[in-house]
Amino acid sequence: MKIIIDADGCPVTSIASEEAKSCGAECIAVCDTAHEFHLDGVSVITVSKGADSADYKIANLVGNSDIVVTQDYGLATMCLARNAHAINQNGMRYTTENIDGLLFSRHVAKKVRNAGGRIKGPAKRKPTQNDDFRRELRRLIDEIRSE
């Protein structure tokens, strides 16, 4: 099992790396050249800046039973197709049951924006969201290990 972090703008990179270290899992952070990371025990892969370049690198790295931390629905879909697990920065797991609805809502939001409409952005991050993420990541790790 590896924990792979879509590190471009990820607010829980350090939490994910701590959890990987505590369970002895390999941890990889993938980012583009606009970001720089130096975390103990984390392999950092830097890709060229470009649309979805980090996502495609992650999709090529991920394997069965790996965990990907991302807020990107498209990347989550690619991970699920490879029998990996995907979780967002708030602890929500992407599953085959919820990914279609999430992709559809992204599509609708894009149509609204393209038509000149506005979509309300996310609220300011709360410390409890970090706690939720850590708890769900631990639970996911335990589930994978028990399989």
Side-chain angles (χ1 to χ4, degrees), residues 1-111 113 119-145 147:
M1 170 182 49
K2 298 185 296 280
I3 297 177
I4 304 170
I5 306 165
D6 183 3
D8 290 339
C10 180
V12 293
T13 302
S14 61
I15 296 170
S17 67
E18 289 167 12
E19 292 303 316
K21 187 184 285 186
S22 74
C23 73
E26 178 184 5
C27 186
I28 302 168
V30 180
C31 61
D32 67 26
T33 55
H35 300 87
E36 189 173 319
F37 288 96
H38 300 285
L39 294 169
D40 245 7
V42 178
S43 300
V44 177
I45 298 174
T46 304
V47 297
S48 60
K49 200 171 179 185
D52 301 323
S53 58
D55 296 346
Y56 291 127
K57 181 65 175 180
I58 292 168
N60 286 319
L61 289 172
V62 72
N64 188 41
S65 296
D66 289 341
I67 298 171
V68 175
V69 179
T70 185
Q71 50 189 320
D72 184 294
Y73 300 159
L75 175 58
T77 302
M78 290 187 277
C79 295
L80 292 174
R82 300 193 91 179
N83 294 317
H85 303 271
I87 185 170
N88 80 359
Q89 73 279 3
N90 299 325
M92 182 189 77
R93 294 189 207 182
Y94 300 102
T95 66
T96 54
E97 289 79 26
N98 69 11
I99 197 67
D100 286 341
L102 293 168
L103 288 167
F104 181 72
S105 67
R106 179 179 77 169
H107 171 72
V108 170
K110 184 176 182 179
K111 284 178 73 168
R113 285 190 307 275
I119 302 290
K120 185 176 178 185
K124 185 176 178 185
R125 188 160 182 82
K126 297 176 183 152
T128 57
Q129 291 172 294
N130 289 340
D131 298 336
D132 293 342
F133 171 76
R134 186 183 300 272
R135 183 179 56 255
E136 287 304 314
L137 180 58
R138 282 183 187 161
R139 188 174 293 152
L140 181 54
I141 291 167
D142 291 341
E143 286 176 17
I144 293 168
R145 289 213 159 144
E147 290 177 352

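We use all heavy atoms of the structure for the numbers below, so side chains are in, but hydrogens, waters and symmetry mates are not.
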Exercise. May I ask you to check whether R125 and N130 show a side-chain donor-acceptor distance below 3.5 Å?
Key: yes
Self-check item: Shortest non-hydrogen contact between V62 and A84, atoms and distance
Solution: CG2-CB, 3.3 Å
Exercise. Kindly compute the distance separating CG (D132) from CG (L137), expressed to the nearest 0.5 Å.
Key: 12.5 Å
Self-check item: side chain to side chain contact (heavy atoms under 4.5 Å, CB included) assessment of K21 paired with D40
Solution: CA-CA 9 Å; K21 187 184 285 186; D40 245 7; 3.8 Å; yes
Self-check item: V69 vs F133, side chain to side chain contact (heavy atoms under 4.5 Å, CB included): CA-CA, chis, key distance, verdict
Solution: CA-CA 10 Å; V69 179; F133 171 76; 3.9 Å; yes
Self-check item: Backbone N/O of K2 and side chain of D66: donor-acceptor pair under 3.5 Å
Solution: yes
Practice problem: State whether the side chain of D72 and the backbone N or O of G74 hold a donor-acceptor pair below 3.5 Å, judged by distance alone. | Solution: yes
Quiz item: With no hydrogens and no angle check, is any side-chain donor or acceptor of S53 less than 3.5 Å from a backbone partner on S48?
Solution: yes
Exercise. Taking the side chain as every heavy atom from C-beta outward, state whether M78 and R82 have any pair of such atoms under 4.5 Å apart.
Key: no
Quiz item: Say you draw a straight line from CG of N90 to CG of D131; how long is it, rounded to the nearest 0.5 Å?
Solution: 11.5 Å
Self-check item: Minimum heavy-atom distance S65-M1, with the two atoms named
Solution: O-CG, 3.6 Å
Quiz item: For H85, does its backbone N or O pair with a side-chain atom of R93 as donor and acceptor, under 3.5 Å?
Solution: no
Quiz item: Rounded to the nearest 0.5 Å, what separation is found between the OG atom of S14 and the CD atom of E19?
Solution: 10.5 Å
Quiz item: So, the side chain of Q129 versus the backbone of K126: is there a donor-acceptor pair under 3.5 Å, distance only?
Solution: yes
Practice problem: Step by step, work out the side chain to side chain contact (heavy atoms under 4.5 Å, CB included) result for L75 and V68. | Solution: CA-CA 9 Å; L75 175 58; V68 175; 4.2 Å; yes
Quiz prompt | D142 and R139 ion-paired at < 4.0 Å | solution = no
Quiz prompt | Between CD on residue Q71 and CE on residue M92, distance to nearest 0.5 Å | solution = 10.5 Å
Quiz prompt | Flag, side chain of D6 to backbone of I58, donor-acceptor distance under 3.5 Å | solution = no
Practice problem: First locate atom CD1 of I144, then atom CD of E147, and finally report the distance between them rounded to the nearest 0.5 Å. | Solution: 6.5 Å
Quiz item: Can you check side chain to side chain contact (heavy atoms under 4.5 Å, CB included) on T77 and L102, steps first, answer last?
Solution: CA-CA 10 Å; T77 302; L102 293 168; over 6 Å; no
Quiz prompt | Name of the residue among I28, I67, V42 meeting side chain to side chain contact (heavy atoms under 4.5 Å, CB included) with I3 | solution = I67
Self-check item: I5 versus S17, closest heavy-atom pair with distance
Solution: CD1-N, 4.3 Å
Quiz prompt | Heavy-atom pair with the smallest gap, counting every atom of D8 and A54 | solution = OD2-CB, 3.9 Å
Exercise. Drop me the distance from I99's CD1 to Y94's OH, to the nearest 0.5 angstrom.
Key: 7.0 Å
